[in-house]
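Encoded as structure tokens, the structure appears first; notes follow it.
The figures here come from the full heavy-atom set of this structure, side chains too, leaving out hydrogens, waters and symmetry mates. Note that the numbering runs from 1 along the sequence shown for the chain. We count ligands from 1, going down the list as the structure has it; atoms in each ligand are counted the same way.
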Amino acid sequence: MNVLGRPTYAEINVSAVIDNFRQMSALAGNSKTLAVIKADAYGHGAIAIAQALSDEAEGFAVAFIDEAIHLREHGILQPILLLEGVLNEAEMALAFELDFWVMLHRSEHFEWLRFLAPSQRPKVWIKVDTGMHRLGFGLAEINSVLREFADLLIYGSVLCSHLACADEQHNVFNIQQTQKLEALAVSHGLVFSLANSAGISQWPMSHGSWNRLGIALYGCAQPANNTQLKLKPVMTLTAPIIALRSLQKGESVGYGQSWVAQRKRPLLRWP
Ligand SMILES: *Cc1c(COP(=O)(O)O)cnc(C)c1O
């Protein structure tokens, strides 16, 4: 590649994405997997990643509706879950037209759904706050919310929550969050979705009818205790070395002298 000035580039290995998707989904054989490609697929390029997974993933997830529209414009046909939901009634209506699934996390969202004719309502997920305290109905209100809006829930509505400490292998908070969500789902006859990447790889009890696979798709978050899983990095960043420097023991590098050579360094690469 011939680039003037700054020949640094990111190479994306789409076959690694497919391989990571297969390995991770295989850990949860009874669950379906949404590929999370928010924030431009964690910087890897949402269109390329969605296209690579178009024969693998049954659905995708992004944060906002503009990301989902962008995917539709590029021929992505699967359902797309909007993790942050929609911001007004017009977006709710558009979500139905474009087959986006909408996360409901405030009562207004149910009201917006009710304004639409029953045959024109998008599929919805309901977010419950089981401990993350970011988005979702609180545990004190969720039962009455689900009763109040029971007529708006259809077959396939998913009760959803997010794990706060899934990558902490011994943290009982994961068990508590899972038990709370599962009990709610059972009592309301709904399926649930809880596991993110770390939930999939190290908290089998958190596997729901849908899991939401993000960072591991890109080859990160390889759990230390699972040697069978061999996630492959999807991005390779390449940059030329622009200088080699020699340093004596005790000389420092950069602002604030934050790094000091502990020994003579004849060939220090920069950057
Ligand atoms: C980003 C996100 C995920 C994916 O999490 P990873 O840890 O990257 O697998 C799942 N669910 C929600 C709600 C998210 O925002």
Side-chain angles (χ1 to χ4, degrees), residues 16-17 19-28 31-46 49-50 53 56-68 71 78-87 100-106 109 123-137 142 157-169 171 173-174 177-178 180-181 185 191-204 206-224 226 229 231-235:
V17 178
D19 195 71
N20 293 338
F21 182 91
R22 288 182 183 161
Q23 286 190 60
M24 290 297 291
S25 327
L27 296 177
S31 309
K32 289 180 275 188
T33 308
L34 282 184
V36 181
I37 55 171
K38 65 189 176 194
D40 204 21
Y42 296 47
H44 293 70
I49 301 296
L53 292 175
E56 305 287 329
E58 292 186 60
F60 294 103
V62 295
F64 295 102
I65 200 167
D66 56 332
E67 298 172 87
L71 291 167
Q78 280 93 337
I80 304 171
L81 172 66
L82 309 177
L83 293 166
E84 318 273 291
V86 293
L87 301 182
F100 300 155
W101 298 350
V102 181
M103 192 77 83
L104 309 180
H105 54 85
R106 285 167 34 212
H109 301 160
K123 184 171 166 183
V124 294
W125 289 37
I126 302 105
K127 186 81 177 260
V128 192
D129 181 4
T130 55
M132 178 79 170
H133 298 310
R134 194 169 63 176
L135 288 181
F137 295 98
I142 183 66
S157 295
V158 177
L159 203 60
C160 176
S161 194
H162 197 49
L163 292 169
C165 319
D167 35 9
E168 294 172 23
Q169 217 186 309
N171 194 330
F173 201 57
N174 292 294
Q177 285 192 274
T178 305
K180 285 173 186 162
L181 186 70
V191 297
F192 76 87
S193 171
L194 180 60
N196 60 350
S197 296
I200 296 170
S201 59
Q202 48 191 21
W203 293 98
S206 75
H207 296 176
S209 80
W210 286 94
N211 297 330
R212 308 185 305 272
L213 172 60
I215 189 103
L217 262 183
Y218 310 101
C220 306
Q222 166 83 43
N226 189 334
L229 202 60
L231 299 176
K232 295 182 185 155
V234 171
M235 183 185 290

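At the top of the distance list for atom 2 (C) of ligand 1, counting protein heavy atoms only, stands Lys38 NZ, 2.6 Å. The closest protein non-hydrogen atom to atom 6 (P) of ligand 1 is Ile215 N, 3.6 Å. In terms of protein heavy-atom proximity, atom 9 (O) of ligand 1 is nearest to Ser197 OG, 2.5 Å. Protein heavy atom nearest atom 11 (N) of ligand 1, with residue, atom name and distance: Arg212 NE, 2.8 Å. The shortest contact between atom 12 (C) of ligand 1 and any protein heavy atom is with His162 CE1, 3.5 Å.
For His207 against Leu27, the heavy-atom pair with the smallest separation is CE1-O, 3.4 Å. Residues Asn20 and Gly219 come closest through the heavy atom pair ND2-N, 3.4 Å. The heavy-atom pair separating Ala216 from Ser197 by the smallest distance is N-OG, 3.1 Å.
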**Prompt:** Does the pair Asn211 and Thr33 meet the rule for a side chain to side chain donor-acceptor pair (under 3.5 Å), with working shown?
**Reply:** CA-CA 5 Å; Asn211 297 330; Thr33 308; 5.3 Å; no
Side-chain donor/acceptor pairs under 3.5 Å, residues 130-137, sequence neighbours excluded:
| residue | atom | partner | partner atom | Å |
| --- | --- | --- | --- | --- |
| Thr130 | OG1 | Ser161 | OG | 2.7 |
| Thr130 | OG1 | Gln177 | NE2 | 2.9 |
| His133 | ND1 | Asp129 | OD2 | 2.7 |

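By the 3.5 Å distance cut-off applied to N or O atoms, Ala216 is not counted among the residues near ligand 1. For Val36, no nitrogen or oxygen atom sits less than 3.5 Å from a nitrogen or oxygen atom of ligand 1, counting backbone and side chain alike. Where the criterion is an N or O separation shorter than 3.5 Å, residue side chain and backbone included, Lys127 fails it with respect to ligand 1.
Taking a cut-off of under 4.0 Å to the non-hydrogen atoms of Tyr42, the atoms of ligand 1 that pass are 1 (C), 4 (C), 5 (O), 6 (P), 8 (O). Short contacts between ligand 1 and Asn196, defined as distances under 4.0 Å to a heavy atom of the residue, involve ligand atoms 5 (O), 6 (P), 7 (O), 9 (O).
In terms of modelled atom types and a separation under 3.5 Å, the side chain of Arg212 and the main chain of Ser193 share a donor-acceptor contact. Put simply, the side chain of Gln202 gets close to the backbone of Ala166: a donor and an acceptor are under 3.5 Å apart.
Residue contacts with ligand 1 for Arg134 involve side-chain atoms from C-beta outward but no N, CA, C or O (heavy atoms, distance under 4.0 Å).
Looking at Arg22 and Glu56, a side-chain N of the basic residue comes within less than 4.0 Å of a carboxylate O on the acidic one, giving a salt bridge.
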